[in-house]
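Counting starts at 1 for both ligands and their atoms, following the listed order.
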Amino acid sequence: MSSSKNYSAFGEKFNRNSGITQLMGDLNDGLRTPGAIMLGGGNPASIPEMMDYFSELTSQMVANGELISAMANYDGPQGKDTFVKSLANLLQQTYSWDISEKNISLSNGSQSAFFYLFNLLAGKQPDNSHKKILLPLAPEYIGYCDSGIDDDIFISYKPEIELLDNRQFKYHVDFSKIKIDESIAAICISRPTNPTGNLLTDEEITKLDELARDNNIPLIIDNAYGTPFPNIVFEDATPFWNDNTILCMSLSKLGLPGLRCGIVIANEETIQALTNINGIIGLAPGSIGPAVAQHMIESNDLLRVSDNVIKPFYHSKSQHAVALLQDAIDDPRFRIHKPEGAMFLWLWFKDLPITTMELYQRLKARGVLIVPGEYFFFGQDEEWEHAHQCLRMNYVQSDNDMKRGIEVIAEEVKKAYA
Ligand code: PLP
């Protein structure tokens, strides 16, 4: 945009038409091409059993007046009291976490909670110094990238790559590289990770927790896909929280992204700060999401459907997509990150002669949308060829679309290698 509009520095930064905004626009419009195959976005799958469940649940809430009550009243700035209390109880009883309702605040989607948290901690400090959020393992969630009010609020590190059998691989945090000094405001990771489906091991989490404590900074864990809900996790992972952890959760990947309900679990001081920000920016978080989730806790369904419906659905879809891809592309230079959770596969085409940005354009021209890997390596100064050789695709589409989309990817990759 032109500066003749006289926008503030904030206005200038957030009005930028960044590449990622364009990309997300593409994803959202479905290219306006009939028959486009949307392997790009992060919308959760429409799982028939969950759709029936939510339909039944909201009918009950209409009948007993809960829904209209949620629609007709403001909650407080921390978010719906009854839900915050029930969730604190559930987590306290299930995991013996030392928490009460004072350790939880809500937001309109966890995306906005990240905006509040990152800007609460990083950027320009009262003494004019500048602090950053440390992402110990890039590729990391694209949605963080532009969230700083100030520029340059992330520093990220390349992972170690472990090559696995069956043309798979796995990233690990390279602890030998990570440097923390006064300029670091917090450590942040998504677990499982969007875009890769990597699940940081319990040991990695323990080490990051120690690093954070030793340096007197918080560890932010983005649990949008994690345990205990929605629990799109295919390996063993212990739910992790202590008073130095800021655990961010969401109702979105349960199948309710339209409710825009995010949940932050943290020490009382952090929760108070987020509550104050909520009041100023939005008066109060929306009430319908928490009312629905409260109902799910009361009927003991929240963890049950996560374990018995959501997790198996995504697990089976991911296995199917891996099998289709490995059948369609037999090149030994092609590997898939071991799918350990979330709803994406991360494909690596070693020595690909074109960038995945170029591959994205070629696929888009054929009606197949993926996300090129380049976007997920923000916070790094050095170029890394690996970043141009990877792409993210979701595996939530119908089996038919998955098959057709993967056929087109296979053809374009073969052409590019040839
Ligand atoms: N964190 C991760 C890793 C995500 O993938 C997403 C959405 O895709 C979010 C946070 C934000 O989700 P929401 O704002 O819907 O809670």
- Message: Would you say NZ of Lys170 has more than 12 non-hydrogen atoms from neighbouring residues, nucleotides or ligands within 6.0 angstrom?
- Response: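 Yes - once you tally the heavy atoms of other residues, nucleotides and ligands closer than 6.0 Å, there are more than 12.
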- Query: With under 30° as parallel and over 60° as perpendicular, where do the rings of His386 and Trp384 fit, or are they tilted in between?
  - Reply: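 It falls in the tilted class, 30° to 60°.
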- Query: Aromatic rings Phe14 and Phe115: how do their planes relate, parallel, tilted or perpendicular, breaks at 30° and 60°?
  - Reply: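 Taking Phe115 first and then Phe14, their aromatic rings stand perpendicular (interplane angle over 60°).
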Closest non-hydrogen protein atom to [atom], residue and atom name please, with distance?
{"atom": "atom 11 (C) of ligand 1", "result": "Ser110 OG, 3.3 Å"}
{"atom": "atom 6 (C) of ligand 1", "result": "Tyr141 OH, 3.3 Å"}
{"atom": "atom 5 (O) of ligand 1", "result": "Tyr225 OH, 2.7 Å"}
{"atom": "atom 8 (O) of ligand 1", "result": "Lys253 NZ, 2.8 Å"}
{"atom": "atom 2 (C) of ligand 1", "result": "Asp222 OD2, 3.3 Å"}

Contact atoms of ligand 1, heavy-atom distance to [X] under 4.0 Å:
{"X": "Gln111", "answer": "11 (C), 13 (P), 14 (O)"}
{"X": "Ser250", "answer": "13 (P), 16 (O)"}
{"X": "Arg260", "answer": "13 (P), 14 (O), 15 (O)"}
{"X": "Gly109", "answer": "14 (O), 16 (O)"}
{"X": "Ser252", "answer": "13 (P), 15 (O), 16 (O)"}

- Message: If only side-chain N and O atoms count, and only distance matters, is there a donor-acceptor pair under 3.5 Å linking Glu358 with His388?
- Response: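 No, no side-chain donor-acceptor pair sits under 3.5 Å.
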Can you give the donor-acceptor pairs under 3.5 Å from side chains of residues 161-168 to other protein atoms, not counting sequence neighbours?
unit_1: Glu162; atom_1: OE1; unit_2: His172; atom_2: NE2; d: 2.7
unit_1: Arg167; atom_1: NH1; unit_2: Ile329; atom_2: O; d: 2.8
unit_1: Arg167; atom_1: NH1; unit_2: Asp331; atom_2: O; d: 2.9
unit_1: Arg167; atom_1: NH2; unit_2: Gln326; atom_2: O; d: 3.1
unit_1: Arg167; atom_1: NH2; unit_2: Ile329; atom_2: O; d: 3.0

- Enumerate the residue pairs fulfilling salt bridge (charged side-chain N to carboxylate O under 4.0 Å, His left out) with a member in residues 243-261, sequence neighbours excluded, ordered by first and then second residue.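 Qualifying pairs, neighbours excluded: Arg213-Asp243.
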- Message: Distance check, rounded to the nearest 0.5 Å: Ile246 atom CD1 versus Ile220 atom CD1?
- Response: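 Those atoms lie 5.0 Å apart.
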